[in-house]
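Notes to accompany the following structure.
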Amino acid sequence: MLDIRIERTQTPKEKPTDESKLGFGHIFTDHMFIMNYDTGEGWHDARIVPYGDLTLSPAAMCLHYGQEIFEGLKAYRTADGSIQLFRPDENYKRMNVSCDRMVIPQLNEEDCIQATKVLVEMEKDWVPHSEGTSLYIRPFIIATDPYVGVRPADHYLFMIILSPSGAYYSTGLNPVKIYVEKQYVRAVRGGTGFAKTAANYAISLKGQAEAHEQDYEQVLWLDGVEQKYVEEVGSMNIFFVIDGEVITPKLTGSVLPGITRKSALEICKKKGYKVSERRISIEEIAKAYDEGKLDEVFGTGTAAVISPVGHLKWGDKIMTINNNEIGPISQMLYDTMTGIQWGKLPDEFGWVCKVCEG
Ligand SMILES: *Cc1c(COP(=O)(O)O)cnc(C)c1O
């Protein structure tokens, strides 16, 4: 058990009253969790303190060489007012995998879950009430040594901040338009694609910006070696339903192992769908489309849960999927997953982690 020192704010903020205007990632709660790491001492000094700015040396190593990792999960309010998390053990397991890749010291996963629960319970009044809303949880670690040489740091901060977030789909599950990125790549074999680290996002911004200029919302990344096999979308994993088979690219090191992806696979298997994790080329997808066998395409991620793809552009070819409407498997996955997350369906997989009763 982590011994967490708690310092409460003397100046609590106004909570947002209009939950339809929450959006994503702008508002932060009254408190945050912090823990330090120093070589020789390990992780220590776990505390919850008033939310506020950090003091960092301008030479702090994270600012120069990107030694940083993060996670993203949510707390949900159920109909009886209790608060729950979805598979937080998976997030902290993945966080340690990211840490290992970025040479950041490992954390005790149980301690991290405890810290999350204590912080979320303290901030429970910040978990919004409206349909589809949640409290976004952002754990992250930065290297703080004031040193501009390149080496793994000796000093780190692990923090958790919380942000009330609006309903992702305020106007129904609208399909997104994505295009296949032909110029830039996001990750390469042996690189950091499987780690949730800032650099993977920094290098994706240029492709994303060019997609926006062409009125597409996201890009679909191909593998970094041959630019032939499909990998994933911005911050979502990708699924294809071809001739009734549910297919997602397998985890070869350059794809982020999404927890929503994993959960979608488990649900599909349990419901008896034919499921494959394998390499899938963009040619195979275009061919399936031409043969009328590309039934559904959707992304998976914590933010949107399931994001149906309505238009997929590859060069000059524009594929309109399922008449630009959400398909039956996408809808089933969305209903099952959100049902479990907001406590409307029984948790037959044991994925829910209760924070507090209502
Ligand atoms: C976080 C993330 C995902 C989705 O992971 P979830 O655990 O399902 O939220 C997918 N791709 C990338 C690049 C990500 O960073």
Side-chain angles (χ1 to χ4, degrees), residues 24-25 66 68-76 85-99 101-102 109 112-113 116 134-141 163 165 168 176 178 181 184-189 191-208 211 217-224 229-240 246 248-268 277 297-309 330 333-334 336-338 340-341 349 351-353:
F24 177 79
E68 186 269 5
I69 59 91
F70 65 94
E71 269 303 326
L73 66 159
K74 287 173 167 180
Y76 308 85
L85 309 173
F86 183 74
R87 311 189 82 175
D89 50 324
E90 291 287 338
N91 288 93
Y92 288 115
K93 201 160 87 184
R94 182 171 68 190
M95 188 168 87
N96 268 336
V97 173
S98 301
C99 283
R101 181 64 183 84
M102 306 310 285
E109 291 160 27
C112 294
I113 296 172
T116 308
S134 57
L135 184 69
Y136 186 75
I137 305 169
R138 168 54 58 89
F140 64 102
I141 302 174
S163 175
S165 96
Y168 197 88
V176 295
I178 62 179
E181 177 60 60
Y184 308 109
V185 297
R186 170 190 176 272
V188 292
R189 203 186 302 147
T192 58
F194 65 94
K196 234 170 157 67
T197 185
N200 290 337
Y201 280 78
I203 69 166
S204 74
L205 294 174
K206 181 97 173 145
Q208 180 81 42
E217 281 140 279
Q218 304 255 2
V219 304
L220 178 61
W221 299 103
L222 299 180
D223 78 274
Y229 297 98
V230 169
E231 300 230 304
E232 63 179 310
V233 184
S235 55
M236 292 192 294
N237 295 106
I238 189 87
F239 282 73
F240 303 90
V246 182
T248 192
K250 82 172 189 212
L251 304 174
T252 51
S254 45
V255 173
L256 197 289
I259 295 158
T260 321
R261 172 191 182 278
K262 181 175 182 171
S263 307
L265 288 171
E266 289 172 35
I267 293 168
C268 284
E277 291 177 75
V297 180
F298 57 91
T300 61
T302 295
V305 189
I306 300 293
S307 197
V309 176
S330 315
L333 285 170
Y334 182 80
T336 308
M337 235 164 322
T338 57
I340 295 171
Q341 288 166 340
F349 295 90
W351 287 341
V352 162
C353 170

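All figures in this text were calculated on a predicted structure; none of them were measured in a lab. Any value given below was found using the heavy atoms of this structure, including those in side chains, with hydrogens, waters and symmetry copies removed. Order of listing sets the numbers, starting from 1, for every ligand and every atom in it.
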Query raised in the report: Are E266 and R261 close enough for a salt bridge, meaning some N to O gap below 4.0 Å?
Result: no
Query raised in the report: Is N237 in polar range of ligand 1, meaning some N or O pair under 3.5 Å apart?
Result: no
Report task. Could you say whether the N/O atoms of T302 and ligand 1 ever approach to under 3.5 Å? Result -> yes
Query raised in the report: Taking the six-membered ring for Trp, is the centroid-to-centroid distance between Y334 and Y168 below 6.0 Å?
Result: no
Report summary line: From the list R138, R87, K93, R94, salt bridge (charged side-chain N to carboxylate O under 4.0 Å, His left out) partner of E71 resolves to R94
Query raised in the report: What residue and heavy atom of the protein are closest to atom 8 (O) of ligand 1, and at what distance?
Result: T260 OG1, 2.6 Å
**Report entry** Option set M236, R186, K196, criterion heavy-atom distance to atom 13 (C) of ligand 1, minimum
**Finding:** R186
Requested in this report: Give a yes/no verdict on whether any heavy atom in R94 is under 4.0 Å from an atom of ligand 1.
Outcome: yes
Query raised in the report: Distance-only, no hydrogens or angles: does the Q208 side chain make a donor-acceptor pair with backbone N or O of E217 under 3.5 Å?
Result: yes
Report summary line: Exactly one candidate in L135, N91, I137 meets side-chain contact (heavy atoms from CB on, under 4.5 Å) with L85; the answer is I137
Query raised in the report: Between R261 and ligand 1, is there a nitrogen or oxygen pair with a distance under 3.5 Å?
Result: no
**Report entry** Enumerated ligand 1 atoms positioned under 4.0 Å from heavy atoms of G258
**Finding:** 5 (O), 6 (P), 7 (O), 8 (O)
Requested in this report: Would you please determine whether S204 falls within less than 4.0 Å of ligand 1 on a heavy-atom basis?
Outcome: no
Requested in this report: May I ask you to check if ligand 1 and I259 share an N or O to N or O distance below 3.5 Å?
Outcome: yes
Report summary line: All heavy atoms of T302 vs all of L73, minimum pair found to be CG2-CA, 4.0 Å
Query raised in the report: Is N237 reaching over with its side chain to a backbone N or O of L256, donor-acceptor style, under 3.5 angstrom?
Result: yes
Report task. Among all protein heavy atoms, pick out the one at the shortest distance from atom 4 (C) of ligand 1; state its residue, atom name and that distance to 0.1 Å. Result -> S235 O, 3.6 Å
**Report entry** E232 N/O under 3.5 Å from ligand 1 N/O
**Finding:** yes
Query raised in the report: Tell me: protein heavy atom nearest atom 15 (O) of ligand 1, and distance?
Result: Y201 OH, 2.3 Å
**Report entry** Flag, side chain of D223 to backbone of V230, donor-acceptor distance under 3.5 Å
**Finding:** no
